[in-house]
Structures are given as C-alpha cells and as structure tokens.
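Positions are given from 1 along the sequence. Bear in mind that the values here come from a model prediction, so they are computed numbers and not experimental data. Because only heavy atoms are used, hydrogens play no part in the values below, and waters and symmetry mates are left out as well, while side chains stay in.
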Amino acid sequence: MMKVQHYVILFGIVAGFLCLAFVGLGSTDSQSVEAEKPKVLSLTVSVSVPESMSFCDKDIDLTRNDMREDMDRELNAFTYYHSTTLLLIKRANKYFPILEPILKEEGIPDDLKYLAVIESHLNTRALSPAKAAGFWQLMPATAKSYGLVIDEQVDERYHIEKSTRAACKYLKEAYRKYGDWATVSASYNGGMGRISGELKSQQVDTTFDLLLVEETSRYVYRIMAAREIFSNPPKYGFVLKKENLYQPIGTKSVEVKASIDNFATYAKTLGLTYAQLKDFNPWLRDRKLIIRPGKTYVLDIPNKEDLYFDKEHLKVHNKAWLVD
C-alpha cells in the first residue's frame with residue numbers, strides 16, 4: 001500500500017509543478033504556451049523488461065534485442081490495457097481454482113493456465129470468428145479428436161473441466177514432439193504442422209528463433225507477460241481489494257437421465273432462472289435436452305447461498321493480487 005501511496009504523491013508533485021509552470025507562463029504568448037504544454041496531466045511510464053524471465057520452470061534469456069523488444073511490447077500492452085487486464089485478474093480468482101488442479105493432475109506446467117487467459121480472456125462463452133470456442137478456443141475437429149461431444153444440443157468445448165482436459169491432451173502430445181513448452185505454446189496457436197514445418201525449413205530448434213505470422217510470433221510473449229503481471233499486479237499499477245475479485249461459486253452435480261423439455265421450467269424447479277442454469281452449464285446449447293436411453297448428463301447446479309455477494313466471507317485465490 002505504501003508503494004501505491006508513493007506513486008500518488010509523486011503524481012501530485014509532478015502535477016503541481018506543471019500547474020505552477022502554466023501559471024508562471026501567464027504573460028507568455030498564448031500560442032507558444034499552447035504549442036509547448038502537455039496535452040494531458042498524466043504519466044505513462046514504459047515498463048522495464050527484465051534480463052530473463054521464467055516460463056514453465058525454464059529461464060528465457062531476454063537480452064537479445066529482438067526478444068527484448070517483443071517482450072517489451074507485450075508487457076506494456078497488458079500494463080496499459082487497463083480495463084481488460086483488471087477484468088482478467090478478477091475472473092482469475094473465480095476460474096483459476098478450477099483450472100489449476102486439472103493441469104497439475106494432467107502433468108501440465110501451471111504457467112500454461114495463462115494460455116487460457118490469452119485464448120479466451122476466461123470468458124466461458126468465448127467464440128472466435130473461426131468458430132473456435134470455450135476457454136481453450138478449440139476448433140470443432142480438434143475438440144472431437146480429443147473426445148469432446150459437439151452436436152445440436154451439446155458443445156463440450158464450453159464445459160470448463162472437460163475442455164481443459166482436452167487441451168491437456170493436445171499439450172502433452174505437442175510436448176512429446178517438441179520437448180519444449182514454449183514451442184508447445186506456439187503450436188497451440190499456429191498448429192503443430194506449421195510449427196514443425198517452419199522449424200525444419202528455417203533450420204532452428206525453438207520458437208523464439210522462428211519468423212512466423214505476427215499473431216503466433218507474439219503468442220508466447222503474451223503468455224509470459226500475463227504471467228508476469230498476474231504475479232504482482234500492484235507493481236504494474238493495478239490496485240485491487242478483496243471485494244473487487246469475482247468470487248468462485250460452489251456447485252453440486254446433478255445426474256439427469258430423463259429428457260428435459262424446457263430448461264426454463266426445469267430451472268424454476270431448482271429455484272433458479274433459465275439464465276443462471278445456462279451460466280453454470282454453458283455447454284448446453286439448446287432450450288431443451290433430449291436424452292437417449294442409457295445416456296446420462298451431469299449438470300452443475302450452483303449453491304444458492306453462493307449466488308449472493310457476502311463481504312464477510314470473501315475468497316482470495318492469490319494474495320499477491322491485492323494491495324497491502
């Protein structure tokens with residue numbers, strides 16, 4: 001908190017000097033003053049780039065000029081993309097507790113949860129123009145190849161747990177091919193075929209040495225930048241309190257073996273709205289669910305007491321996100 005106060009004091013001092021300067025120039029030609037004075041009374045400071053950063057327990061040397069510039073771009077982009085970065089941290093408090101145990105169980109480095117941050121902004125309903133969907137932005141064919149169901153009633157790319165396990169299958173397959181998590185991450189965006197072909201044709205061993213399309217070239221740096229800022233938001237000017245973080249909501253699993261003709265009616269029997277039922281089960285894509293004999297679906301039903309903001313029982317997933 002003291003650091004934040006110091007920044008506020010510094011800003012006040014600078015603003016004061018600027019105001020005094022403008023007053024002192026009162027007798028100066030008005031056109032000259034207009035040409036020389038700042039247009040805004042604010043400070044925009046370029047973020048410092050460290051000499052190296054850790055990614056999936058591997059130190060990445062950033063002293064090479066091209067890599068330093070790429071990292072500089074992403075760190076500053078996240079730092080000054082204020083509203084979006086704030087939103088991502090708030091959502092992380094709600095969804096990281098779901099993602100982290102699955103990644104650990106599947107043997108995937110914890111840092112790769114930031115891949116989901118980059119892909120979908122942790123938006124449960126994310127859908128790209130190319131029809132990639134869900135937290136992990138899986139394409140239909142890829143999702144089906146890793147066991148997810150997609151039909152007119154259900155799209156499991158929107159099921160957080162199931163889609164995370166499907167993404168883990170891809171990541172493990174790519175790691176068996178490359179043995180390097182940074183290259184694995186680049187392949188998640190560019191595809192294994194493209195990355196493998198470019199590594200061969202450009203005669204290099206790592207994604208950091210490849211010339212790729214801009215989106216893929218930026219991809220790993222964006223993940224690393226998100227990880228860096230999430231590790232210490234106040235350092236980058238993001239001031240959050242416990243009550244600012246979105247709260248995880250407990251659910252209970254309910255098995256459904258009989259068809260549901262109308263989700264709005266069904267939701268009422270649970271004391272929920274149609275919107276609430278769909279919020280916790282975004283993989284349900286229709287207003288009804290026709291179940292074939294022998295088939296069972298499992299719905300997540302929110303605990304009613306968790307649906308309301310309770311300032312006395314707030315959960316904080318990572319205390320580093322908060323000011324002192």
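With salt bridges taken as basic N to acidic carboxylate O contacts below 4.0 Å, one links Asp209 and Arg64. Using a 4.0 Å cut-off between a side-chain N of Lys or Arg and a carboxylate O of Asp or Glu, Glu106 and Lys172 qualify as a salt bridge. By the 4.0 Å N-to-carboxylate-O rule, Asp279 lies close enough to Arg125 to be salt-bridged with it.
No continuous path of hydrophobic side-chain contacts links Leu289 to Val298 [ILVMFWY only; heavy atoms under 4.5 Å]. Taken together through direct or relayed side-chain contacts under 4.5 Å among Ile, Leu, Val, Met, Phe, Trp and Tyr, Met192 and Leu171 form part of one hydrophobic cluster. Taken together through direct or relayed side-chain contacts under 4.5 Å among Ile, Leu, Val, Met, Phe, Trp and Tyr, Trp283 and Leu270 form part of one hydrophobic cluster. Residues Leu122 and Leu240 are members of one and the same hydrophobic cluster, defined by side-chain heavy-atom contacts under 4.5 angstrom among Ile, Leu, Val, Met, Phe, Trp and Tyr. By the rule that hydrophobic residues join a cluster once side-chain heavy atoms approach within less than 4.5 Å of another member, Met67 and Val47 end up as members of one cluster.
Note: Ile89 CD1 to Thr84 OG1 = 11.0 Å, rounded to the nearest 0.5 Å. Rounding to the nearest 0.5 Å gives a distance of 13.0 Å between CD1 of Ile118 and CZ of Arg227. Atoms CZ and CD1, on Phe238 and Ile229 in that order, are 6.0 Å from each other to the nearest 0.5 Å. Here CZ of Arg218 is found 12.5 Å from CD1 of Ile223. Values are rounded to the nearest 0.5 Å. The OH atom of Tyr308 lies 13.0 Å from the CG atom of Asn303; values are rounded to the nearest 0.5 Å. Atoms CG and CD1, on Leu272 and Ile301 in that order, are 6.0 Å from each other to the nearest 0.5 Å.
Applying the 6.0 Å contact sphere to CZ of Phe309 captures more than 12 heavy atoms from other residues, nucleotides or ligands. Under a cut-off of 6.0 angstrom, the local environment of CG in Asp66 is crowded, with over 12 non-hydrogen atoms contributed by other residues, nucleotides or ligands. Other residues, nucleotides and ligands place more than 12 heavy atoms under 6.0 Å from the CZ atom of Arg165. Remark: Tyr81 OH is loosely packed, at most 12 non-hydrogen atoms of other residues, nucleotides or ligands lying under 6.0 Å away. By the neighbour-count criterion of 12 heavy atoms within 6.0 Å, atom CD of Glu215 is sparsely surrounded, having that number or fewer from other residues, nucleotides or ligands. Remark: Asp57 CG is loosely packed, at most 12 non-hydrogen atoms of other residues, nucleotides or ligands lying under 6.0 Å away. When the shell of 6.0 Å around CD of Glu305 is examined, it contains more than 12 heavy atoms from other residues, nucleotides or ligands.
Taking 4.5 Å as the limit, every side-chain heavy atom of Asp261 sits out of range of all side-chain heavy atoms of Thr265. Side-chain contact between Arg292 and Ser259 is absent, with no heavy atoms from C-beta onward closer than 4.5 Å. Residues Tyr146 and Lys144 fail the side-chain proximity criterion, which asks for heavy atoms closer than 4.5 Å. Under the 4.5 Å side-chain criterion, counting only non-hydrogen atoms from C-beta, Glu74 is not in contact with Met224. Tyr114 places a side-chain heavy atom less than 4.5 Å from the side chain of Val117. Looking at Val239 and Pro234, their side chains never come closer than 4.5 Å, going by heavy atoms from C-beta outward. At a threshold of 4.5 Å between non-hydrogen side-chain atoms, the residues Asn262 and Lys288 do not count as touching.
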Please test Ser54 against Ile60 for side-chain contact (heavy atoms from CB on, under 4.5 Å), starting from the C-alpha separation and ending with a verdict.
CA-CA 6 Å; Ser54 175; Ile60 308 298; over 6 Å; no

I'd like to know whether Phe78 forms a side-chain contact (heavy atoms from CB on, under 4.5 Å) with Thr85, so could you lay out the CA-CA distance, the side-chain angles of the two residues, the decisive distance to 0.1 Å, and finally the verdict.
CA-CA 6 Å; Phe78 269 99; Thr85 302; 3.8 Å; yes

Would Tyr158 and Thr124 satisfy side-chain contact (heavy atoms from CB on, under 4.5 Å), going step by step from the backbone distance to the final call?
CA-CA 6 Å; Tyr158 295 99; Thr124 57; over 6 Å; no

Apply the test side-chain contact (heavy atoms from CB on, under 4.5 Å) to residues Arg157 and Leu138: give CA-CA distance (whole Å), side-chain angles for both, the deciding distance (0.1 Å), then the verdict.
CA-CA 7 Å; Arg157 293 178 297 169; Leu138 296 166; 4.0 Å; yes

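Under a 3.5 Å cut-off, the side chain of Trp321 and the backbone N or O of Phe230 do form a donor-acceptor pair. Proximity of a side-chain donor or acceptor of Thr273 to a complementary backbone N or O of Gln276 within less than 3.5 Å is detected. Within the 3.5 Å criterion, the main-chain N or O of Ser253 finds no donor-acceptor partner in the side chain of Asp300. Remark: side-chain polar atoms of Ser231 are paired, donor with acceptor, to backbone N or O of Glu228 under 3.5 angstrom. Formation of a donor-acceptor pair under 3.5 Å by the Tyr219 side chain with backbone atoms of Ser187 is not found in this model. Although no hydrogens or angles enter the test, the distance criterion places a donor-acceptor pair under 3.5 Å between the side chain of Asp111 and the main chain of Cys56. Looking only at distances, no side-chain donor or acceptor of Ser52 sits under 3.5 Å from a matching main-chain atom of Asp59. A side-chain donor-acceptor contact under 3.5 Å links Asp180 to the backbone of Thr183. Between the side chain of Glu156 and the backbone N or O of Val149 there is at least one donor-acceptor pair closer than 3.5 Å. The backbone N or O of Tyr266 sits less than 3.5 Å from a side-chain atom of Thr269, completing a donor-acceptor pair.
Contact record, Leu307 with Pro302: CD2-CB, 3.9 Å, taken as the closest heavy-atom pair. Here the closest heavy-atom approach between residue Leu127 and residue Ala133 is recorded as CD1-CB, 3.9 Å. Of all non-hydrogen atoms in Leu75 and Ser48, the two that sit nearest each other are CD1-O, 4.0 Å. Contact record, Gln153 with Ile290: OE1-N, 2.5 Å, taken as the closest heavy-atom pair. In plain terms, the two heavy atoms of Gln247 and Lys242 that are nearest each other are NE2-O, 4.2 Å. Considering every non-hydrogen atom in both His159 and Lys162, the closest pair reads ND1-N, 3.2 Å.
Both tests hold for Lys295 against Tyr297: distance to the six-membered ring centre under 6.0 Å, angle to the ring axis within 45°. A cation-pi geometry, defined here as NZ or CZ lying under 6.0 Å from the six-membered ring centre and within 45° of its normal, holds between Lys113 and Phe96. Taking the ring axis of Tyr221 as reference, the NZ or CZ atom of Arg73 does not stay both within 45° of it and closer than 6.0 Å to the ring centre.
With hydrogens and angles left out, the side-chain atoms of Trp136 and Ser120 include no donor and acceptor closer than 3.5 Å. If you check the side chains of Tyr178 and Ser196, you find a donor sitting under 3.5 Å from an acceptor. Counting only N and O atoms by type, the side chains of Thr216 and Asn189 include a donor and acceptor under 3.5 Å apart. Judged purely by distance below 3.5 Å, without hydrogens or angles, the side chains of His317 and Glu100 pair a donor atom with an acceptor atom. No side-chain donor-acceptor contact under 3.5 Å links Gln137 and Tyr188.
Aromatic rings of Phe55 and Trp181 (six-membered ring for Trp) have centroids beyond the 6.0 Å cut-off, not under it. Between Tyr95 and Phe135, a ring centre-to-centre spacing shorter than 6.0 Å is recorded.
Shown are Gln202, Lys200, Arg194; of these, the side chain to side chain donor-acceptor pair (under 3.5 Å) with Glu198 is made only by Gln202.
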